[in-house]
Amino acid sequence: MKKILLLVFVSFSTITTFCQTSFYKKKPTLSVNFMMNDFKTAELVNKGSIGSVLKDKTWSKFSEMSPGLAINYYQGLTNHIDFMGSLGASIVDYTFKNRKSTGSDHFLLEADASIMAKLLSDQFIVNPFVTAGVGISMYKVYWGAYVPAGFGIQFKLAENTFLTTQAQYRTGVSELSTNHFNYSLGFGTPIGGGKKK
């Protein structure tokens with residue numbers, strides 16, 4: 001019994017020491033992202049449910065989505081929490097709430113600030129995460145507000161270098177915004193020098 005207690009104590013002390021000395025807070029990182037905006041699926045979900053969209057197999061194909069590019073900035077706050085700022089641009093047919101589509105594509109600029117909560121620290125190769133934040137959009141000369149929330153997986157390619165896949169649902173919270181899905185694939189590497197703290 002004493003040996004078991006000693007083993008438990010040593011194991012606990014080792015884990016505690018490791019947790020205190022191993023710190024994997026993300027360095028300031030820039031990521032270039034290819035993204036796709038999906039307005040059609042979001043509209044179908046709003047009219048019915050996500051279950052009905054999956055059941056009827058009416059989820060949008062890539063050819064029905066609008067491509068774009070985004071730059072993300074990451075800054076580690078703790079081992080498991082990162083700040084994420086994003087600036088994205090695309091050419092889309094953006095339909096405002098309760099209005100008909102214009103039938104033509106125009107420039108959409110979206111900027112948001114989010115918290116990224118990771119299941120594991122950045123030392124792991126595969127790291128699932130969830131995000132939530134607030135954002136603003138500009139379509140032609142119209143400004144709107146939205147709330148992005150989603151999930152993704154971060155893949156560690158090398159020390160401090162990551163590939164990130166993410167899916168977000170962007171809920172329009174102002175009259176001149178609309179709900180849509182945003183899918184992205186990005187490559188991130190740290191900016192500036194120095195080692196992790």
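Keep in mind that this is a model prediction, so the values were computed, not measured.
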How close do Gly68 and Ser90 get, counting heavy atoms only, and between which atoms?
CA-CB, 3.8 Å
All side-chain contact (heavy atoms from CB on, under 4.5 Å) counterparts of Ala113, not counting sequence neighbours:
Phe83
Supply the atom-to-atom distance Leu77 CG to Lys25 NZ, rounded to the nearest 0.5 angstrom.
7.5 Å
Which pairs, with at least one residue in residues 42-55 and sequence neighbours excluded, count as a salt bridge (charged side-chain N to carboxylate O under 4.0 Å, His left out)?
Glu43-Lys47
Which heavy atom in Leu109 sits nearest to a heavy atom in Leu87, and how many Å separate them?
CD1-CD1, 3.8 Å
Heavy atoms of Thr161 and Pro190 approach each other most closely as OG1-CD, 4.4 Å
Through direct or indirect side-chain contacts below 4.5 angstrom among Ile, Leu, Val, Met, Phe, Trp and Tyr, which residues connect to Val130?
Phe151
Side chain to side chain, Met84 and Gln166, heavy atoms closer than 4.5 Å
yes
Side-chain heavy atoms under 4.5 Å apart, restricted to Ile/Leu/Val/Met/Phe/Trp/Tyr: what other residues fall into the cluster of Leu120, or is it alone?
Leu119, Phe124
If we only count heavy atoms from C-beta on, is the Ser184 to Thr165 side-chain gap below 4.5 Å?
no
List in chain and number order the residues that pass side-chain hydrogen bond (donor to acceptor under 3.5 Å, both in side chains) with Ser86, two or more places apart in sequence or in another chain; answer none if no residue qualifies.
Asn72
Nearest heavy-atom contact between Phe162 and Lys156 is CD2-CA, 3.8 Å
Side-chain cluster (under 4.5 Å, hydrophobic types only) that Ile153 belongs to, other residues:
Ile125, Val126, Phe155, Leu157, Leu163, Leu185, Phe187
Are Met65 and Val53 connected, step by step, through hydrophobic side chains (Ile, Leu, Val, Met, Phe, Trp, Tyr) whose heavy atoms are closer than 4.5 Å?
yes
Residue pairs passing the salt bridge (charged side-chain N to carboxylate O under 4.0 Å, His left out) test with at least one member in residues 106-118, sequence neighbours excluded, are Asp82-Lys118, Glu110-Arg170, Asp112-Arg170, Lys118-Asp122
Contact check, side chains of Tyr74 and Met116, non-hydrogen atoms, under 4.5 Å
yes
Run the numbers on Asn160 and Thr189 for side-chain contact (heavy atoms from CB on, under 4.5 Å), then give the verdict.
CA-CA 6 Å; Asn160 303 325; Thr189 190; over 6 Å; no
What's the shortest heavy-atom distance between Gly144 and Ser174, and which atoms?
CA-OG, 3.3 Å
Do the non-hydrogen side-chain atoms of Leu176 and Trp143 ever get within less than 4.5 Å of each other?
no
One pair to check against side-chain contact (heavy atoms from CB on, under 4.5 Å): Tyr146 and Thr171. What are the steps and the verdict?
CA-CA 5 Å; Tyr146 64 93; Thr171 305; 6.0 Å; no
First locate atom CD1 of Ile71, then atom CG of Leu30, and finally report the distance between them rounded to the nearest 0.5 Å.
7.0 Å
Report yes if some heavy atom in the side chain of Thr131 is under 4.5 Å from a heavy atom in the side chain of Ile115; otherwise report no.
no
Answer with yes or no whether the hydrophobic clustering places Phe62 together with Val45; edges join I, L, V, M, F, W, Y residues whose side-chain heavy atoms lie under 4.5 Å apart.
yes
Considering non-hydrogen atoms only, spot the tightest contact between Thr29 and Gly188 and give its length.
CG2-C, 3.8 Å
All side-chain hydrogen bond (donor to acceptor under 3.5 Å, both in side chains) counterparts of Asn182, not counting sequence neighbours:
Asn37
For residues 56-70, pull every pair meeting salt bridge (charged side-chain N to carboxylate O under 4.0 Å, His left out), keeping only residues two or more places apart or in separate chains.
Lys40-Glu64
Can you list everything that forms a side-chain contact (heavy atoms from CB on, under 4.5 Å) with Leu69? Sequence neighbours excluded, please.
Phe34
So Tyr139 and Tyr94, would you call those rings parallel, tilted or perpendicular, with 30° and 60° as cut-offs?
tilted
Residues at least two apart in sequence or cross-chain that pass ring-ring contact (aromatic ring centres under 6.0 Å, His included) with Phe181, listed by chain then number, are Trp59, Tyr169
Would a 4.5 Å heavy-atom cut-off, applied to side chains only, mark Ile191 and Tyr73 as touching?
yes
Are Pro148 and Ser114 close enough that some pair of their side-chain heavy atoms sits under 4.5 Å apart?
yes
Suppose we screen for side-chain hydrogen bond (donor to acceptor under 3.5 Å, both in side chains). Which residues come up paired with Asp38, at least two apart in sequence or across chains?
Thr41, Ser60, Tyr183
